[in-house]
Amino acid sequence: MIDIQFVRDNPELVKEKSEQKGYTVDVEGLLALDEQRRQLLTDVEAKRAERNTLTATMKGGKPSPKQIEQGKILKDEIQTLESQLQPIDDKYLSLLVSIPNPAEDDVPPGGEHDGQEIKKNGTGKSQAEDHLDYATARDWVDFERGAKVAGAKFYFLKGDLALLENAITQFALQVIQRHGFTLMTVPHMVNAKTAVGTGFAPRSSEQSDEYYVEGEDLSLIATSELPLTGYHADEVLDEVNLPLLYAGYSPCYRKEAGTYGKHTRGLYRVHQFNKLEMYVYSLPEKSREMHEKILKIEEEIWQQIGIPYRVVNIAAGDLGFPAAKKYDIDYWSPVDGKYLELTSCSNCTDFQARNLNIRVRRQDGTITPVHTLNGTAVSLARSLVAVIENFQKDNGKLEVPPVLRLYMNNREEI
RNA sequence: GGAGAGAUGACCGAGUGGUUGAAGGUACUUGUCUUGAAAACAAGCGUGCCCGCAAGGGUACCGUGGGUUCGAAUCCCACUCUCUCCGCCA
């Protein structure tokens with residue numbers, strides 16, 4: 001959630017920034033409730049102070065009937081005030097959490113198509129065979145049987161393609177380990193508190209992309225960002241230990257409801273895929289720098305594998321609720337003749353940390369929310385699409401990118 | 001899944017209705033002593049929110065949520081988690 005003090009100090013800016021992200025928020029309503037809430041809180045606390053003073057006079061001895069009578073009156077008054085405060089408090093909180101994290105000033109305005117290309121690397125081929133036809137012909141992927149055992153958009157990877165997935169994972173893991181990330185396996189389900197705190201839609205929401213476990217307070221994770229954010233919930237971290245660099249490896253489960261019409265063929269958009277994720281807990285003043293660093297690591301991975309790509313500074317309207325800034329890396333698709341999203345990294349500033357009460361004790365003794373960042377190292381199903389499209393050889397084989405051969409029994413092609 | 005025990009501050013650990021935000025200890029910070037360190041001694045040492053320019057004041061918090069009471073860490077109810085034993089099991 002956003003800092004209420006920031007809203008009090010910058011009501012117009014908050015409104016503007018929210019609209020820029022595509023959210024209509026009731027800032028005036030929030031501030032009015034904030035005002036009411038503080039007034040009532042002051043009243044309640046004054047009454048409680050009265051009660052505390054009264055009970056202090058009754059310590060030990062037997063209270064007189066008169067004292068008890070006075071206590072009963074105070075009790076009623078407190079209850080009345082509290083019952084007035086409760087609904088205001090609830091409404092106040094629901095309005096507060098409806099405000100998205102404002103985009104940073106260097107985020108371009110606009111929506112999905114307004115991202116700003118800030119870099120291009122490598123030149124791609126002009127054409128290639130569609131990855132699904134290519135992989136199916138070689139018996140590397142089986143969507144039909146995936147549908148049989150689970151449903152549409154589920155799949156089996158087989159043989160060399162499954163091995164290639166493993167190779168990409170291993171390679172990426174080596175890269176990020178060199179940069180200081182600690183590998184973690186994580187729970188593949190999280191409770192509502194963690195999911196909502198991370199910024200994912202609550203169970204009741206229509207637009208939720210998560211799978212829920214019936215009868216349990218659990219949802220399947222859409223990314224290891226969820227458990228990795230919850231990992232330090234309700235903790236006060238020590239400044240000397242920051243930044244904390246975690247690498248989460250897990251399957252990601254997504255309903256992908258409402259994505260029809262988007263690029264959906266084959267492995268590009270599926271209900272389940274494995275992902276190696278970088279996650280960072282950072283000092284507030286270091287988070288922008290960390291964000292650039294995560295981007296550099298992602299670039300390093302794709303440069304070394306040899307995939308042509310571009311980097312896009314995502315526009316405000318396409319950022320998502322908790323992110324203040326996001327970079328996507330889009331790979332060159334010779335099949336579609338354009339760039340398609342491959343990875344992304346976000347700076348969520350103190351937004352998730354506020355929700356989940358994750359703070360840092362500074363050297364000077366003050367305590368403040370940390371900043372959290374996440375970035376894809378490799379998102380597997382999609383990485384396979386990028387490699388298949390960009391490494392087809394004339395002899396009908398798929399070249400194994402040189403840096404991956406170490407993890408593929410030194411094979412040069414498959 | 002069954003039975004039992006438990007959950008208190010950074011940590012250990014007292015506390016079963018009334019100066020308890022919480023004894024005592026450890027750790028930490030500062031000071032005295034010391035050539036320096038250790039030891040010893042002294043002082044300090046939770047978080048959120050509200051009011052206040054500040055100094056400071058108020059309030060809440062002893063797993064979570066309800067309840068009883070003039071008053072709850074302490075009594076009652078529900079839930080969550082941890083530990084031990086049994087069962088099951090990769």
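Lettering follows sequence order; numbering is per chain, from 1. Treat the numbers as computed from the prediction; the structure is a model and nothing was measured.
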Using atom [atom1] in both nucleotides, what's the gap between [N] and [M] to the nearest angstrom?
N	M	atom1	result
B/U32	B/U19	P	38 Å
B/C62	B/G52	C1'	30 Å
B/C61	B/C79	P	23 Å
B/G13	B/C83	P	16 Å
B/U74	B/U8	C1'	11 Å

Any chance CD of A/Gln177 has more than 12 other-residue heavy atoms, nucleotides or ligands included, within less than 6.0 Å?
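Enclosed: over 12 neighbouring heavy atoms sit under 6.0 Å from CD of A/Gln177.
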
Is it the case that over 12 heavy atoms from other parts of the model lie below 6.0 angstrom from the CG atom of A/Asp105?
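No - once you tally the heavy atoms of other residues, nucleotides and ligands closer than 6.0 Å, there are 12 at most.
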
Using every non-hydrogen atom in the two residues, find where A/Ile2 and A/Arg354 come nearest and quote the distance to one decimal.
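What the structure gives for the nearest pair is C-CD, 3.9 Å.
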
Please tell me which of A/Val44 and A/Ile68 maps to the more 5' nucleotide of RNA chain B, matching each residue to the nucleotide holding its nearest heavy atom.
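Its nucleotide being nearer the 5' end, the pick is A/Val44.
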
Considering every strand and a 4.0 Å limit on heavy-atom distances, what is the contact class for [X]: base, sugar-phosphate, or nothing?
X	value
A/Ile367	sugar-phosphate
A/Asn52	sugar-phosphate
A/Arg354	nothing

Rounded to whole angstrom units, what separation is found between the CD atom of A/Glu45 and the C1' atom of B/G48?
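In whole Å, B/G48 C1' and A/Glu45 CD are 11 Å from each other.
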
May I ask you to check if A/Arg382 and A/Tyr268 form a cation-pi contact, with NZ or CZ under 6.0 angstrom from the six-membered ring centre and within 45° of the axis?
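Yes, a cation-pi geometry holds between A/Arg382 and A/Tyr268.
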
